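Remarks on the structure that follows.
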Amino acid sequence: MRDYKVVVLGTGGVGKSSITVQFVQGVYVESYDPTIEDSYRKQIEIDGRACDLEILDTAGVAQFVAMRELYIKSGKGFLLVYSVTDENSLKELLELRELVLRIKDSTNVPMVLVGNKCDLEDDRVLSIEDGVKVSQDWGLVPFYETSAMYKTNVEEAFIDVVRQIMRKEAVTNAEKKQQKELQKQKELELKQQQNQSQSSGQSNDHTLRNESDTIINARLNQSLNDPSKTVTKSRCCTIM
Ligand SMILES: Nc1nc2c(ncn2[C@@H]2O[C@H](COP(=O)(O)OP(=O)(O)O)[C@@H](O)[C@H]2O)c(=O)[nH]1
Ligand SMILES: [Mg+2]
């Protein structure tokens with residue numbers, strides 16, 4: 001079974017714990033200790049594949065910056081959560097996304113943008129369009145408005161990020177396979193080149209031997225014609 005580590009990020013009070021607990025346990029917890037940072041496991045089947053999800057519900061306490069770097073490093077996918085009732089929470093996500101991209105040293109990181117508390121229509125200060133705009137600015141990062149209270153789009157958001165991780169892994173594996181095949185082909189070509197140069201080296205030997213044969217035969221003929229020369233054919237053959 002594949003392991004998928006998903007990290008839930010966002011400023012305090014946007015509903016990270018509520019979303020996570022709703023997804024993992026199927027319950028809505030009215031009040032959750034805002035300082036608690038916890039990880040949960042959930043097994044689900046996505047597109048016929050069994051997945052073991054590890055979900056880290058972060059608490060975003062400022063003094064744990066070093067820890068934040070660690071879990072961003074180890075996270076495979078990210079839920080970036082703001083609340084539609086808090087304008088500032090969306091602004092803070094811009095910085096969080098920058099941080100994720102910087103730490104992952106990539107612009108291709110599986111993530112979804114989540115606008116939570118969409119059930120609170122009267123308190124809403126951010127429209128769907130505001131979320132869509134940010135998603136477009138981020139290169140069409142999938143965007144969901146959710147309600148942890150009513151379980152709206154909660155599963156969809158998590159499944160989306162896991163699918164992105166799966167797709168990225170599939171691409172990476174295909175690239176690795178392609179690189180391996182290229183390497184194999186290169187090695188084969190190198191071997192063939194070596195074999196070729198070896199066999200052409202052997203034919204050079206033949207040429208040399210043929211040349212020296214000719215010289216010796218010429219000398220032999222010379223000595224046969226000149227009785228003063230004592231070189232005999234048998235002697236020449238021994239030299240060879
Ligand atoms: N109406 C409504 N309230 C929510 C929703 N999600 C969270 N809350 C409330 O918002 C407050 C903060 O939620 P919490 O999950 O602790 O936020 P966190 O600090 O991001 O983990 C709690 O009182 C929750 O009950 C939601 O979807 N709708
Ligand atoms: Mg929390």
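Nothing here was measured: the structure is a model prediction, and the numbers come from that model.
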Could you report the tightest heavy-atom contact between [X] and [Y], atom names first, then the distance?
X	Y	value
L96	G10	CD1-N, 3.6 Å
E37	M67	OE2-CE, 3.2 Å
T146	N153	CG2-O, 3.6 Å
C118	E145	CB-OE1, 3.6 Å
P110	K168	CD-CD, 3.9 Å
D130	V125	OD2-O, 4.3 Å

Kindly write out the residues that satisfy side chain to side chain donor-acceptor pair (under 3.5 Å) with S135, not counting sequence neighbours, or none if the list is empty.
none
Tell me if the CD atom of E189 is crowded by more than 12 foreign heavy atoms within 6.0 Å.
yes
Keeping the roles fixed (side chain from [X], backbone from [Y]), state whether a donor-acceptor pair exists under 3.5 Å.
X	Y	value
Q164	M111	yes
Q22	V27	yes
K42	D52	no
D86	V14	no
S89	S83	yes
K104	G75	yes

Can you check whether [X] reaches [Y] side chain to side chain, under 4.5 Å on heavy atoms?
X	Y	value
Q179	E175	no
F158	I46	no
V21	Y40	yes
R97	V141	yes
L90	V134	yes
K91	N88	yes

Would you say [Y] ends up clustered with [X] if hydrophobic residues are merged whenever their side chains have heavy atoms under 4.5 Å apart, either directly or through other cluster members?
X	Y	answer
L120	V154	no
V84	L94	yes
M149	Y82	no
V29	V81	yes
V109	L140	no

Once you round to the nearest 0.5 Å, how far does [atom1] of [X] lie from [atom2] of [Y]?
X	Y	atom1	atom2	result
F78	L99	CZ	CG	9.0 Å
Y144	I159	OH	CD1	9.0 Å
L126	K133	CG	NZ	13.0 Å
D119	T152	CG	OG1	7.0 Å
K176	T172	NZ	OG1	7.0 Å
I19	Y28	CD1	OH	10.0 Å

Apply salt bridge (charged side-chain N to carboxylate O under 4.0 Å, His left out) to residues E187 and K184 and explain how you reach the verdict.
CA-CA 5 Å; E187 281 170 9; K184 249 188 196 169; over 6 Å; no
R124 bridged to E121 by N-O distance under 4.0 Å
yes
Presence of salt bridge, K16 and D38, under 4.0 angstrom:
no
Show your working on side-chain contact (heavy atoms from CB on, under 4.5 Å) between D123 and K117 and close with a plain yes or no.
CA-CA 9 Å; D123 299 325; K117 305 194 189 182; over 6 Å; no
In sequence, state the C-alpha distance, the side-chain angles, and the governing distance for N173 and E169, and then conclude on side-chain hydrogen bond (donor to acceptor under 3.5 Å, both in side chains).
CA-CA 6 Å; N173 287 343; E169 272 185 359; 5.5 Å; no
Taking side-chain hydrogen bond (donor to acceptor under 3.5 Å, both in side chains) as the criterion, tell me which of S17, S18, S39 meets it with D57.
S17
Walk me through whether F23 and V8 qualify under side-chain contact (heavy atoms from CB on, under 4.5 Å).
CA-CA 12 Å; F23 176 63; V8 186; over 6 Å; no
